[in-house]
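The structure appears below as structure tokens.
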Amino acid sequence: MISLKSAIKNSKAYLCLECGKCTSVCPVSKFNKGFSPRVLVNRTLRYSENDILTNKNIWACLTCAMCDLRCPADIAYIDLTQATRLEAQKLGEEAICSHGGAAQAMMRIMTATNLQQKRMDWVDNDLKVAEKGEVLYFVGCLPHFDILFSDKGVHTIRNAKSSVKILNYLGITPAVMPQERCCGHDLLWSGDMENFKKLAEYNINEIKKTGAKKVVFSCPEGYRTFKIDYPKYFDVDFEVQHITELLRDAINEGKLKFREIDKVITFQDPCRLGRHLGIYDAPRKVLSSIQKLKLTEMQRSKKRAVCCGVSAWMNCSFYSKRIQMLRLKEAKETGAELFVLSCPKCEIHFNCAMKEEEARDDIKIPTEQLVTFVADALT
Amino acid sequence: MPQDDLRIGVFVCDCGTNIAGSVDTDALVEEARKMDNVVCSIKNRYTCAEPGQQEIKKAIKEHKLNRVVVASCSPRMHEPTFRGCVSEAGLNPYLVDMANIREQCSWVHMGDREAATKKAGDTIKAYVARARYLEPQEEKEIAVKQSALIIGGGVAGIQAALDLADAGYKVTLVEKEPSLGGLMAQLDKTYPTMDCSI
Amino acid sequence: MMDVGRHPNINLLTYSEVESISGYIGNFHVKVRKKARYVYENECTACGDCTKVCPVIVPDEFQQGFSSRKAIYIAFPQAVPSSYLINMDNCLGTNPIACGKCAEKCEKKCIDYDMKDESVKFDVGVVIVATGMDVFDPTPLDEYGYTKYENVITSMEFERLISAGGPSDGHFIRLTDSKRPETVGFIQCVGSRSEKYGNPYCSNICCMNTIKDTLLLKDHYPDIEAKVFYIDIRAFGKGFEDLFRRSKEAGITYIRGIPGEIFEDPKTRNLKVMVEDTTANKIEEHEFDMFVLSVGVTPRFDMPEVQQLLTLSKTSDGFFMEAHPKLKPVDAPTSGVFFAGCAEAPKDVKDSVTQASAAAARAETVLSAGKVKLEAITSTINTDLCRFCAVCAKGCPFNAISVNPKKKTISYVEALCKGCGTCSADCQFNAITMKHFTDEQIIAQIDAYLEEDPYSKVILFTCNWCSYAGADTCGLARLQYPPNQRLIRTMCSGRVDEKFVLHAFKNGAPMVVVSGCHYADCHYIDANRQTQKRVEKLWDKFERLGIRPERLLLEWISAAEGQRFAKIMRDNEELRKKVTKKEIEHTIKVLTEEEEKKKAKKK
Amino acid sequence: MASKKSKSSKTTGSDSSIQDFLNEKGVTIQFPEICDSFPIQEITMSSCRVACPAGVNIKAYLGAITRGDFQRALEIVKETNPLPGICGRVCTHPCESECRRGEFEDPLAICALKRFIADYELKNGSKNIEPCKRTKKENVAIVGSGPAGLTSANDLVRMGYGVTIFEELPVAGGMLITGIPPYRLPRDIIQAEIDNIVKLGVELKTNTKVDNIDDLFKQGYKAVFLAIGAHEGLKLKVPGEDEYEGIVDCIKFLRKVNRGERDKPGERIIVIGGGNSAIDSARSALRLGCSEVYIVYRRSRKEMPANEDEIKEAEAEGVKINYLAAPVRIIGKDDKVTGMECTKMKLGEPDQSGRRRPIPIPSSEFVVEADTILSAISQKPYISCFKDCGIKITKWDTFEVNEKTLMTSKPGVFAGGDAVTGPSTVIDAIAAGHRAAHAIDRYICGKPLEKEKSPEIVQRELTPDTFSPERATRLKAKKIPIEKREDSFAEVELTLNEDEAVREAKRCLRCGPCVECIHCIKECEKRMFGISTDKGKELLMVHGLPKNIKLTEEVSAMLNVKGKVAAEVRIEPIVSEVSEEMCRGCGQCESVCNYSAIKVEEKEDGLRIAHVDAAICKGCGTCASVCPTGASHLSLFKSKDIEKELEGFFG
Amino acid sequence: MAKNFIPKIVAFCCNWSTAPVVNKAVESDAQFPPNIKIVKLMCGGMVTLAFILKAFELGADGVFVATCRVEDCHYVTGARRAVDVCDNTKKLIDMLGFEPGRFKLGRFSSLEHKVFEKAINEFIGVIKKMGPSPIKVQRRTTASTSR
């Protein structure tokens, strides 16, 4: 398979020194002693393609990029993982999908172009959205997750509402697409290139129709996918921006006014926004501009932040739980009253873990999404 | 423009069988003889050996050669030899050139004598053509100041300075820091002897 | 060190910097700025009275900042020259004299606040560059928390902490509580062998340095526990393996695996790491009182200045490039300049000394000869034809040519010329002639080759040092290839003028190959980059003219790559066979027309 | 799919057909819960079972004994051997010589265990035995009530035939009664077992001699099984044999003794022969008060066909055995035997039976004095009356039969046991009974008579899988002391007690495949079974109760996929399973389980993980449906399987 | 198209009541509609959102979930759970753009094979009117390669 070879070349996996730094910082390896990114890289290099492609551990990686960060040889491990999964999928290998694969099935259903979705119910009367416009708000899977995870106490659709509220506050009436599709992030990372491409192509065409020049995201995964993955395969002729970046710019221009909030909070850097895209300061800038709000950092923050334990609805496991517990403890230890998150999946995963361990106080901390928090703070 | 009274001598080398084994050297000699300005074409068993060199010297005198082309091995090997040889015969050393018909011909086309001979012939022709434009060159000489500058006063600078100074040369050692010693002075002990660094 | 200070033949200029060097081998003109010490070097007796009264306290650089010194100080007790100096940046100032306590105290009255920097000029025949190296600063590697966690130190700091002359009088202590640590961890390859942080190369000395450090620890405190985290232990020198064995015998644990991150326990200030023992595929947790980062070495920060002074070049690792890595490892590409010590590559003390002696010996060969012969293969410039475009000057790897286009002057120092011929190839006006490899000579060769049956021949330009040698290597190994190649030797591939290539094509060559050294191997520093540019330009031109660019090949072949040479020859014979006669005729036509157009334009 | 079944395929679903089918397809069954056996590698039976001529499922009943389920053990034995009490005493137990434990220490006391369970039944009273349902109108006549006859009667009556046994003597049992002395085989045991068979509905006509087979057919019997045994002693064929009195056929002797006559035959007795009859005769003679008993046997002890134990017992009781000696001439005086001249023998090359052929040593004659000579060299059936019925007779005066089907040259007439083979063992006779019954059934139903070939022992090596490192000595049954045996015909060997039996049964290495009991299918009412291939990958299977399991269609549907003809198939219960690696201990499964079969338990690190109690789980699969990670899944209903099913549908 | 349209239906059936019902229906009546995939589950409580979505993803024109009557559930609460799951599913497939009638939950006892047959036929009738699933058309060309 040429593509695995080229993936080795592109990721520079052949430079591996076998120092094991990747494994020692890997959150999965910390709990799952059988998982070692180093071993996987070297199996990729040394043994037959079949050996690596049928290895179950290629699905266990969270692609949180902690290893990428620490690798002295600068190997793009997560890129290699992505490529490996794409190849493995061709052999019929698959990850163990969480929730029985419901999320993946949903995404694949969305590849059908002639679906007439009804996903705009959340747009309340006091929110202004348009069909066309210069700025487009990409909602992502929020309405679907809202149905799937309401029982966890996570109402993801509030993110969409808050995002639009913020945009309206700034005088922007964003375009929202009623036939928007999933960005394909999860399919891409679980090795389904074909359906990913279908979704991507559909979305890009739809966005073109709206005439948008800028697409705003509240979801870090969608943002990463549009920013890094789409351009690899398609021409993307619009600007993409995460809402925290937009907020930061607005704050710098003095356009946002917040009420005082006397609270101590801590903030989770999602892998996609943080290590994948290097955005650490924008959300902090936004939070720090709310008066009296005190942001305490966790022991590991910014580029050292620990992942929420699951990615792409795959391989949620014994180990995911332990990673989540670890992170929640760290958040709790800061003494913060509120755990501010900026990825809907982080919220789902952390709340899931808290709900499961209801008896334990050492991990219990209320969570809120950055956008909803900020939207509430607007005056 | 090449000078008018060109007298070129071509010396084809058999190199034992190294060249003659896969190249028809007799034919080469004949071919070379027919080239313009070539006044003598001679074959030797080993041109680089003393008899071969004598042959060249003799031919230079006899035929009043003013250019010499040796068709033998790589100039990387014997150019200095033949430069010495022709200068002993009173010719400027830059008036000799070498056509490589061994490393780049006989040895690499061992199965095709005809093609190898053709290539060798071409090579001689090219180098004869080149020889027409060879000019005598003078190598310039410059006096050397009997002193040295050493930049850096670490362990290497110190050692080099002492060596040169002991040999009797004047040395200036320039060190940026207030003291000699460099990095090494900061080390406690050094391996492999585990002794004091200063 | 003392010997240097005393030696009658050595003029020692400390606290000084070379400002400029001009000239060439045998005749370098040097200008040195001697910075003011504010203390008369030769009169100071190093009694130390001045220091006692100095009110300014600053961190001591020599002790890695672990202790302090005054504004007037001596670098370290054994310093040469044994003289104090004032660091004016620290000193409270002289105008108006705010302090002046030291001058009052100095009995010999050798302190002079008005001292000025001095400029010294002299000529030398040779230059030895022994500028040394720097130590990698691990602060950017946030995973190790250097500077964040006090108990994480570098190997240089370790040296001071264990040294009897160090800030702790030789007591190895933890910085947070001044207690003697019971467990010490060492992390190897900090700043070395990394594409991301520090440098990609192996720093050569750190493995042995750590082994030495562990032995020092065990010597001082036999009960101390130390673990070394490594990727490879490179103990290749004489006696090194023995030392490594001794270290293991002394009970040091060597773990193959590098910790990803260091965490500090805020209470105990102990340091915890996770590490994958890669030999056992096990993830382990370790806790230490102290961590030593075995930092790598880097080229000295001020290398660019020296590089400019002497027109030197650097290899990709940032150290100075030698004339030839194997055959002339001590010589710089600039004649009369030699390397000693870590300026050329990371080295330990022994290798530095060895190279220093070698450099001295190399220098002596120049000095003792008394005169140098310059190779006759150099360029000559016909100033009448020169249009002062300065293309040649930009291309010259040795700065032998300088042009002032405004003033319309060109100056050329033949002694600096090494004879690569790039200038000649660059010159559009035939103003520069490369002696012994003139345009006429090369064109004559092309003509001779293509006189008969040109369609079957491939013209091959090979540089003397790599590709021609590669062809020889191929012959030595009797590797066979098709007999259709016709070789033309130039000193450097940079000599290959565009017009040579065009000439060959115009005369019916189906293919032309230009080959030279690999980038880093170029005998003339970087002249082959010019080759690349020229070939690329030709490709563009061919594209424009409808000639298949594939017919012009550019290949980098080193002297050792005989096998590769043969393969390339076989491959390009395949390519040649695909070039049709019609195609060649078309090329000839197009090129002839093009040339005529040009001529017409000129007129 | 399921809706497109062909009606023609087998739907009987009876145990044997399932097993037959599975065997045919190379499919084996594992049921870990009940028999904790090894995964099945090949289709083999354990070596003991293969060795047993009757094919008793030894491992299965040993397994039942270890669980203390003696009733079940008895049932297993009786499936193939209707005479466990008898066999438990007098069987030559070839099974024990094949026992794999015997390869490194003493083999299991299989025979003693069989006796134990039979005696257990006697002691605790057998279950009420109901007569078998008569399902077939045909009647079968069996001539002779020895083990062969009884076995075939037992089998046939269970098949639903009417069966009549004709016995010449007043008591049933044949050679069991007449040949084997009561100290080895108490009469009440024989009676009890015969009674059990009779209770099944067999008609037993004693004191009825059958002379004419055609009469039987006329009476309406559809088939006849001649199991008349071999009751006529062979002649010694040495000079003097007919001259003197005191030369007795041991069969006659034993019959008399076993009938209860206690006349001493003489003082010094010579028994000629090395079989069990010889030993029995010798030991009986001792018990009758004979002062000296010699056995003369022409080969060495190694070749002696009698049971090793019997020989030992005989020697212990005082029987003297002359090996490598053969009679040459009977010596007598006044018409009375006074002794016998013998010649010494040496062993030559092995003969057809594998025993080394004895060769006389010239001029080595010697004389043994005796007043009675018991000849126990061999017997043949009384066959004269059948000679004119159109049945072919061999030159050894036995019935000529088809080896596989046991049918004689006369259609509908079968023969087996000693009457065919010459004197042999009880267990061989039982085996012949089975074969005959099987053949008769097929004969009456009009099916071809051939029977499958008997399985061969495939695995003979001790593999690590089957080797139990714990050594355990074989338990020896207690015996009555030697001094009490004189003049007593009471049984010598005593039964094992329950603890001993369990302990001994536990020595079984459980080699070979599973117990093949299919107990799982029969017993399990709570759960259903599915069959899956090794890793559950190539799905097959059956969701339904065992009775409508319709194994054949489903399995064959599966087996015909992609040339997978000999797939390994297991029967597994449908229960939930939790993958420890995947479980995050969320507890959702616990909250939905109506049976508390799944519980979340705390691990060392304080976090939790779900655990299924397979014994409680009913396999509803609700836990799997709520599991967010996919850790919990229902065996045979994994999401992946269902997805595959769907994908298959949409093609 | 519409006239020849035979809908592809997936029916998730509980093993205890509806699977025997199906069996009986199949055996008793040759008229049982073709193109129905009966997926046997041990209990209605085993039905998940994922199975249903998967069926739609693969191109099902309709999905039918058949369980016991709530009070008859062999496993006490399975049938009731199925109701909850199906409620959630309805919301989601509605959002995804499937007509509500494409998904149906039915409850049967083990004797009601006639009722079941009727229900299924009615369901098929509804779907026939609706036409093929919106994703079916393009699925046909791509499904085989995507998985």
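Letters go in sequence order (proteins before strands), and every chain restarts at 1.
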Candidates B:I150, B:L173, B:T172 - the one meeting side-chain contact (heavy atoms from CB on, under 4.5 Å) with C:L12: B:L173
Please give me the minimum heavy-atom distance between C:P482 and B:H109, naming the atom from each residue. O-CE1, 3.3 Å
Just give me the residue among C:I205, C:V124, C:D453, C:V337 that pairs up with chain B most often, heavy atom to heavy atom, under 4.5 Å. C:V124
Is the charged tip of B:R130 near the ring of C:F437: under 6.0 Å from the six-membered ring centre and within 45° of its axis? yes
For chain C, which candidate among B:P75, B:G121, B:A131, B:G182 shows the most heavy-atom pairs at distances under 4.5 Å? B:P75
Consider only side-chain N and O atoms of B:N100 and C:D472, and report whether a donor and an acceptor are under 3.5 Å apart. yes
Within 6.0 angstrom of B:E114 CD, more than 12 heavy atoms from elsewhere: no
N-O pairing of C:E452 and B:K125 below 4.0 Å: yes
Considering all heavy atoms of both residues, which atom of B:L164 and which atom of C:A363 are nearest to each other, and what is their separation? CD2-CB, 4.1 Å
Can B:K145 and C:F28 be said to form a side chain to side chain contact (heavy atoms under 4.5 Å, CB included), step by step? CA-CA 8 Å; B:K145 292 258 158 49; C:F28 289 109; over 6 Å; no
Chain C: which of B:A148, B:S106, B:C73 shares the most heavy-atom pairs with it under 4.5 Å? B:A148
Test C:F62 against B:S179 for side chain to side chain contact (heavy atoms under 4.5 Å, CB included), laying out the working first. CA-CA 11 Å; C:F62 182 78; B:S179 168; over 6 Å; no
Beyond-backbone contact of C:V372 with B:V144, side-chain heavy atoms, under 4.5 angstrom: yes
Please name the pair of heavy atoms, one in B:D163 and one in C:S357, separated by the smallest distance, quoted to 0.1 Å. OD2-OG, 2.7 Å
Could you have a look at B:A160, B:A129, B:S147 and say which one has the most heavy-atom pairs with chain C under 4.5 angstrom? B:S147
Side chain, backbone, both or neither: which part of C:V4 has a heavy atom under 4.5 Å from chain B? both
Using a strict 4.0 Å threshold on nitrogen-to-oxygen distance, state whether B:D122 and C:K457 make a salt bridge. yes
Would C:K435 and B:E135 pass as an ion pair if we require N to O under 4.0 Å? no
Check ion pair B:E103-C:R478 (N to O, under 4.0 angstrom): no
Heavy-atom nearest pair, C:Q64 first then B:Q186, reads NE2-NE2, 3.2 Å
So, C:Q445 versus B:Y127: side-chain donor-acceptor pair below 3.5 Å or not? yes
Region of B:N18 that comes under 4.5 Å of a non-hydrogen atom in chain C: side chain
Choice from B:S74, B:A161, B:G157, B:G168 maximising heavy atom contacts with chain C below 4.5 Å: B:S74
Contact part of B:Q104 toward chain C, heavy-atom cut-off under 4.5 Å: side chain, backbone, both or neither? both
Under a 4.5 Å heavy-atom cutoff, which of C:A376, C:G341, C:A566 has the most pairs with chain B? C:A376
Is it the case that over 12 heavy atoms from other parts of the model lie below 6.0 angstrom from the CD atom of B:E50? yes
Looking only at heavy atoms, which two atoms of B:A185 and C:F76 are closest? And how far apart? CB-CZ, 3.7 Å
